[in-house]
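Beneath this line is the structure, given in structure tokens, with notes to follow.
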Amino acid sequence: MDTNDREALARAFGYPYGVPGFSYLFEDGVVAPVDGADFGGRTPVLAYGSNASPDQLIRKFGDLSGVTIPVTRAAVADVDVVYAALFAHYGSVPATIHDSPGTTAFVHVTWLTAEQLDRMHASEGAGSVYLYGRLSGDRVTWSDAPPAGEVSVYVAAAGAVGPEPIALESIPAKGRVFEAVGQAEMLRLARDRLAPGTALEAFMLDTIRDPALRGERSAALAAEAVPMALEGFTPLGA
């Protein structure tokens, strides 16, 4: 296995890439204290998976200079962070959020300028892979940021991995009712369903390298998905 393959596998298995358990200011790839951050003119967007990770923000915004994004802790009532019924282009099974009465998910909020939001839309496949919309800010307990009346959110159009949603073990939640597993176990479950008997690393490299095969495998997950369910979600045009 060459270096490129090892790096590709590390990225696939590493999702959601070390999400901090605190608020921070992302400044040109550097994590700084969020104290004194300017939230004016920015859209609050839930970051419940890799978008809360500095590593992923570097991938998405690292080619721009002068990028500043406040990333603040938040708790959202009656939802959990679960695996979406699709494969990302880098091989991971990414996250979505799903109704879970009685569960509180501990996530982040990225505060994005209009330009940053456009770039986030492009990276999320807004309008196709993920649906973009809003939730009432009343469901959110805000930390280190001014409360907002609404919070924007991306939700996987395909729904959650079925037949029952599976939560991300790495994302903390109170009152969780769904089974929770790590990314490696989720990928093993997907391999067992879609290509039993195939070595996991080979399954992953094929998924990463072959867009058509990745699409077929995503479609197979979607065919058995739990439909998207998020009470109070209002879709918006991306």
Side-chain angles (χ1 to χ4, degrees), residues 5 8-17 19 46-53 56 59 79-100 103 105 107 120-133 153-171 173 176-231 233 235 238:
D5 287 346
L9 289 171
R11 183 176 179 187
F13 284 107
Y15 184 98
Y17 313 119
V19 175
L46 279 185
Y48 51 78
S50 65
N51 286 340
S53 166
Q56 190 75 319
R59 292 188 184 101
V79 302
D80 204 352
V81 180
V82 302
Y83 287 100
L86 64 106
F87 288 95
H89 69 88
Y90 43 85
S92 305
V93 178
T96 188
I97 58 173
H98 194 84
D99 282 340
S100 182
T103 302
V107 296
M120 190 66 81
H121 281 341
S123 73
E124 296 295 313
S128 56
V129 180
Y130 280 84
L131 306 179
Y132 175 72
V153 62
Y154 297 98
V155 185
V161 166
E164 296 293 333
I166 301 173
L168 273 72
E169 187 176 61
S170 58
I171 305 301
R176 174 169 278 162
V177 296
F178 299 137
E179 176 188 7
V181 304
Q183 180 69 213
E185 181 59 22
M186 182 66 251
L187 292 171
R188 290 188 189 95
L189 292 170
R191 184 274 316 272
D192 292 346
R193 183 181 304 181
L194 302 176
T198 303
L200 183 58
E201 290 183 346
F203 173 81
M204 292 311 307
L205 289 173
D206 289 344
T207 301
I208 295 164
R209 292 168 176 161
D210 189 335
L213 179 61
R214 185 168 62 250
E216 292 172 5
R217 288 175 170 173
S218 291
L221 290 181
E224 298 180 353
V226 181
M228 187 271 284
L230 188 59
E231 185 177 354
F233 174 72

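Keep in mind that the numbers below use all heavy atoms, side chains included, and drop hydrogens, waters and symmetry copies.
Between A47 and V107, the shortest heavy-atom distance links the atoms O-CB, 3.9 Å. The heavy-atom pair separating L46 from I97 by the smallest distance is CD1-CD1, 4.1 Å. The two atoms that bring P163 and V226 nearest to each other are O-CG2, 3.4 Å, heavy atoms only. Nearest heavy atom pair, residue A158 against residue A225, reads O-CB, 3.2 Å. Listed here is the closest heavy atom pair of A12 and L187: O-CD1, 4.2 Å. Closest non-hydrogen pair, R11 versus Y90, comes out as NH2-CD2, 3.3 Å.
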- request: Show your working on side-chain contact (heavy atoms from CB on, under 4.5 Å) between I166 and V82 and close with a plain yes or no.
  value: CA-CA 5 Å; I166 301 173; V82 302; 5.9 Å; no
- request: Assess whether side-chain contact (heavy atoms from CB on, under 4.5 Å) is satisfied between L168 and M186, documenting all intermediate values.
  value: CA-CA 9 Å; L168 273 72; M186 182 66 251; over 6 Å; no
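Remark: the backbone N or O of I171 is not paired with any side-chain donor or acceptor of Y48 at under 3.5 angstrom. Proximity of a side-chain donor or acceptor of S218 to a complementary backbone N or O of G215 within less than 3.5 Å is not detected.
The structure places OG1 of T103 at 7.5 Å from CZ of R176, a figure rounded to the nearest 0.5 Å. Here the CZ atom belonging to F203 is positioned 4.5 Å from the CZ atom belonging to R217, to the nearest 0.5 angstrom. To the nearest 0.5 Å, atoms CG (L230) and CG (L131) are separated by 10.5 Å.
Residues V93 and Q183 form a side-chain contact, since some pair of their non-hydrogen atoms from C-beta on lies under 4.5 Å apart.
H121 pairs with exactly one of Y132, Y154, Y130 by the side-chain hydrogen bond (donor to acceptor under 3.5 Å, both in side chains) rule, that one being Y154.
Y17 carries R59 over the face of its six-membered ring, with the cationic atom under 6.0 Å from the centre and within 45° of the normal.
Under a cut-off of 6.0 angstrom, the local environment of CD in E231 is sparse, with at most 12 non-hydrogen atoms contributed by other residues, nucleotides or ligands.
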